[in-house]
Protein chains: 2
Amino acid sequence: MPHASRSSAPTRASHGSVLDDLGLRIADGVLAPGTVLTLAGLEEEYGVSRTVIREAVRVLEAKGMIESRRRIGVTITPMSRWSVLDPVLIRWRLSGSTRPQQIVALTELRLAIEPVAARLAAQRASELERAEIGRLAGLLKQLGDAGKGDSEEYLSADIAFHDRILEAGGNLMLTAIKQPIAEVITGRHNAGLTPAHPLHGALHNHVEAATAIVRGDADGAERHVRGYVETILAEVRAEQ
Amino acid sequence: MPHASRSSAPTRASHGSVLDDLGLRIADGVLAPGTVLTLAGLEEEYGVSRTVIREAVRVLEAKGMIESRRRIGVTITPMSRWSVLDPVLIRWRLSGSTRPQQIVALTELRLAIEPVAARLAAQRASELERAEIGRLAGLLKQLGDAGKGDSEEYLSADIAFHDRILEAGGNLMLTAIKQPIAEVITGRHNAGLTPAHPLHGALHNHVEAATAIVRGDADGAERHVRGYVETILAEVRAEQ
DNA sequence: TTCTTGCAATAAGTACGATCATTGTGGCAA
DNA sequence: TTGCCACAATGATCGTACTTATTGCAAGAA
């Protein structure tokens, strides 16, 4: 028996919602790899036209999540072929049941990317960028010392700090993980996982990293950024 | 006057070829950010139906390369919003006029990812994976010493070596860059940029990295992998 | 029995025309 | 000048029809 229609009322923004729902279900494993669907079935299930289903399927296919073959249908592909760095896919996986593992995987990715971005930033950042990174580090320190590590202000300064470093690295491939990182930071903040008084070592590393970037010390920048990402990684691994 | 049709003969595999051509033109800057197209115009230009154009547009939209708005048309978005880690987009950029910059950017990404993957591999790899990595390093050494650094055999062993390390790291987000890396390695090989006698230091680093992974020495693995990626980075920067 | 060949069924791929929905723009009135 | 409103442009969705590739199965040959 086919699934019941998921949208009793005529849905707005069909493409987006179908894509999002399908993507979520696949990313979360509800539709396991190997599962075979048909366009006709999806058409009925979502109560939308062929066009909408096809476009959603094409997008998912472009992300490597499904494979469409004549005479067979639409097959969910094994996770090893997914474009796991795709921002949208990362969001889907962060909102599914595998969120904890995703956060660890993403933090490992941060451990790879951020120190190198910091090194490049120390070499390439403009004066404006250096000043801004220094300013943000000072703000973080000030807020942290004042016991406001769990405030909205700290959160936005934290995100901005990491964003500016990634940007100052001057390599778009390194800045590409900005958004997922911001989402993880925000998620941890909203879950109450960021203490009012940040760990002294981590805060110190932030300030030192900024100082190193400002004065063009590539080794120092890399080392201190690695230092605080390792702190975060230890935390998220412990939380799992 | 609209462009002449690009396909006089009724094209096979319409979706793929339209997507590829459009993606290439955007990635290469032939269609610059800000350029506005219309579905009708594309339909006529490629001589295919709306269905095909729409699906290609959706996929490019999912990659952040274009934005489709009613009453306006389809606009090429600024590069800062592209999903530059998308394997297909990387391939497009590697085959366009910006190939040299892409190779440098990708190698900087390797400098971030591979050492961390090697560290994780030293901690997590299975016995089978360790053995395979050791075997491949031995093969590379043997071929390199024999002056076969420019052979097909060396090329495939080199790619396999890097792939196995990324896989053994056990983090899909780190393995995601396998394919682009392989393409760059292959491209440099085919361009005659890999010498028959590989640089002694680089070869040594490969062997030492493998040894470190085999014996579970995370620091050593990370250090030696970073060593040879830095060598490669210096080379590709010099080639630019 | 076993292998090849061809037919038929299936489901995706492509095409087309109609209609809906949104939104920028220009005109008109206050 | 300002603000409201109607119009038109264009993507979004729909439904249908036709095309093509793939696969399974059956019939026939070896």
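Chain naming here is simple, since letters A, B, ... match the order of the sequence lines and numbering starts at 1 in each.
What separates CD1 of A:Ile66 from C1' of C:dA12 is a distance of 12 Å, to the nearest Å. Distance OH (A:Tyr46) to C1' (D:dT13): 17 Å, rounded to an integer number of Å. Following rounding to the nearest Å, B:Leu39 (CG) and D:dT10 (P) show an atom-to-atom distance of 10 Å.
By the side chain to side chain contact (heavy atoms under 4.5 Å, CB included) test, B:Asp20 pairs with B:Leu24, B:Trp92, sequence neighbours left out. Legend: residues meeting ring pair (Phe, Tyr, Trp, His ring centres under 6.0 Å) with B:Phe161, ordered by chain and number and at least two apart, are B:His206. Scored by the side chain to side chain contact (heavy atoms under 4.5 Å, CB included) test, A:Ser97 finds A:Asp28 as partners (sequence neighbours excluded).
Distances shorter than 4.0 Å separate some side-chain N or O of A:Ser49 from OP1 or OP2 on D:dC14.
Salt-bridge formation is detected for the pair B:Arg124/A:Glu108: a Lys NZ or Arg NE/NH1/NH2 atom is positioned less than 4.0 Å from an Asp or Glu carboxylate oxygen. Of the charged side-chain nitrogens involved, at least one lies within less than 4.0 Å of a carboxylate oxygen, so that B:Arg188 and B:Glu235 count as a salt-bridged pair.
The salt bridge (Lys or Arg N to Asp or Glu O under 4.0 Å) analysis of residues 165-174 of chain B, with sequence neighbours excluded, yields the pairs B:Arg164-B:Glu167, B:Glu167-B:Lys178.
Contact annotation: side chain of B:Arg50 to base of D:dG11, donor-acceptor pair absent below 3.5 Å. At a cut-off of 3.5 angstrom, the base of C:dA11 holds no donor-acceptor pair with the side chain of A:Thr38.
Scanning residues 52-62 of chain A for heavy-atom distances under 4.0 Å to DNA chain C yields A:Arg54, A:Arg58. DNA chain C is contacted by B:Arg69, B:Arg70, B:Arg71, B:Ile72 of residues 67-79 of chain B, taking any non-hydrogen atom closer than 4.0 Å.
Between A:Leu174 and A:Ile113, the shortest heavy-atom contact is O-CG2, 3.7 Å. Contact between A:Asp150 and A:His189 at its shortest, heavy atoms only, is O-CE1, 3.0 Å.
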